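Here the structure is laid out as structure tokens; the discussion comes afterwards.
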Amino acid sequence: MKEIMSYSYDETVSIGYNIGRNLFKGAIVTLEGDLGSGKTVLTRGIAKAFGIEDISSPTFTIFHVYEGKDGILVYHFDIYRIEETELEDIGYEEYFYGDGIVIIEWADKLKRLRPKEYLKVEIQKIDEDVRKILITGVGEKYKSVEDVIEKDEDIGD
Ligand SMILES: Nc1ncnc2c1ncn2[C@@H]1O[C@H](COP(=O)(O)OP(=O)(O)O)[C@@H](O)[C@H]1O
Ligand SMILES: [Mg+2]
């Protein structure tokens, strides 16, 4: 497990960017943490690594899909109000196990449908602007991602 502290919104975006640039096609990132902990902010950083700028929370839909550079698709799920049966109804496998990048907010709600391998990110709110971000690679490929994530790389374009 990697533990990274963030002291601002921008730092969390930067940490997300670092995660994003180390992902492979078809990667799944699960995000856990209370309301307002920064899951959507971190998602913004991940998406930025694929050239996607305008991430908004999929509050009234199960997920948003964005097309990033090189045609890579980024699926942004928020399953706070969603039952697993609803995911099955929309054919979640096509998204979870396709070539796109999958980001799932409130992934702690996944039980039966929890993937076997994924990059687990937990965000803890320590103080108004302070977050502790815990990153764990579950499965071989994701362990390698965990290993190469660094905090202090610059955000490139
Ligand atoms: N270090 C930080 N990292 C991320 N967000 C922060 C930080 N400090 C303050 N914030 C604020 O916390 C909120 C996080 O919101 P959001 O990402 O939507 O949370 P979630 O998606 O987990 O419900 C934003 O209003 C953001 O400005
Ligand atoms: Mg959110």
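Read the numbers this way: they start at 1 and go in the same order the structure lists the ligands and their atoms. Keep in mind the model is a prediction, meaning the values are calculated, not measured.
Looking from atom 8 (N) of ligand 1 to the surrounding protein, the closest heavy atom is Asp129 CA, 3.3 Å. For atom 26 (C) of ligand 1, the closest heavy atom belonging to the protein is Tyr9 CD1, 3.8 Å. With hydrogens left out, the protein atom closest to atom 3 (N) of ligand 1 is Thr12 OG1, 2.6 Å, a heavy atom. Among protein heavy atoms, the minimum distance from atom 12 (O) of ligand 1 is reached at Arg131 NH2, 3.0 Å. With hydrogens left out, the protein atom closest to atom 18 (O) of ligand 1 is Thr40 CB, 3.7 Å, a heavy atom. Counting protein heavy atoms only, atom 15 (O) of ligand 1 is closest to Gly36 CA, 4.0 Å. Among protein heavy atoms, the minimum distance from atom 24 (C) of ligand 1 is reached at Val41 CG2, 4.4 Å.
The backbone N or O of Val13 lies less than 3.5 Å from no partner atom in the side chain of Lys48, so there is not a single donor-acceptor pair. For the pair Asn18 (side chain) and Glu150 (backbone), a donor-acceptor distance under 3.5 Å is present. Checked by atom type and distance alone, the side chain of Arg21 never pairs as donor or acceptor with a backbone atom of Ala49 at under 3.5 Å. A donor-acceptor pair is defined here as one N or O able to donate and one able to accept, closer than 3.5 Å; no such pair exists between the side chain of Asp70 and the backbone of Ile72. Formation of a donor-acceptor pair under 3.5 Å by the Glu146 side chain with backbone atoms of Met1 is found in this model. The closest donor-acceptor contact from the side chain of Lys39 to the backbone of Gly33 lies under 3.5 Å. A donor-acceptor pair is defined here as one N or O able to donate and one able to accept, closer than 3.5 Å; no such pair exists between the side chain of Arg44 and the backbone of Thr12.
Residue contacts with ligand 1 do not include Gly33, since none of its heavy atoms lies under 4.0 Å from the ligand. Ligand 1 has no atom lying under 4.0 Å from any heavy atom of Lys125. Heavy atoms of Asp34 come nearer than 4.0 angstrom to ligand 1 in at least one pair.
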Could you pull out all donor-acceptor pairs under 3.5 Å where a side-chain atom in residues 85-96 meets a protein atom, sequence neighbours excluded?
{"unit_1": "Glu86", "atom_1": "OE2", "unit_2": "Glu83", "atom_2": "N", "d": "3.0"}
{"unit_1": "Glu88", "atom_1": "OE1", "unit_2": "Arg112", "atom_2": "NH2", "d": "3.1"}
{"unit_1": "Glu88", "atom_1": "OE2", "unit_2": "Arg112", "atom_2": "NH1", "d": "2.9"}

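Evaluation of the salt bridge (Lys or Arg N to Asp or Glu O under 4.0 Å) test over residues 99-110, restricted to residues two or more places apart or in two chains, returns none.
Partners of Thr136 by side-chain hydrogen bond (donor to acceptor under 3.5 Å, both in side chains), not counting sequence neighbours: none found.
Where the criterion is an N or O separation shorter than 3.5 Å, residue side chain and backbone included, Tyr7 fails it with respect to ligand 1. When only interatomic distances are considered, the shortest N/O to N/O separation between Gly38 and ligand 1 falls below 3.5 Å.
Note that atom 1 (N) of ligand 1 has protein non-hydrogen atoms nearby, at separations under 4.0 angstrom.
Excluding waters, the set of protein N/O/S atoms under 2.8 Å from the Mg ion (ligand 2) reads Thr40 OG1, Glu105 OE1.
Close approach of ligand 1 to Glu105 is summarised as follows: ligand atoms under 4.0 Å from at least one heavy atom of the residue are 21 (O). Set against the non-hydrogen atoms of Glu128, the atoms of ligand 1 under 4.0 Å away are 8 (N), 9 (C).
Phe24 and Tyr142 have tilted rings, their planes meeting at an angle from 30° to 60° on a 0 to 90° scale. Ring planes of Tyr66 and His64: perpendicular class, angle over 60° (limits at 30 and 60°).
With respect to Lys143 and Glu140, no salt bridge is recorded, no charged nitrogen being found less than 4.0 Å from a carboxylate O.
Applying the 6.0 Å contact sphere to OH of Tyr97 captures more than 12 heavy atoms from other residues, nucleotides or ligands.
Here Ser8 has backbone heavy atoms under 4.0 Å from ligand 1, and that is the only part of it that gets that close.
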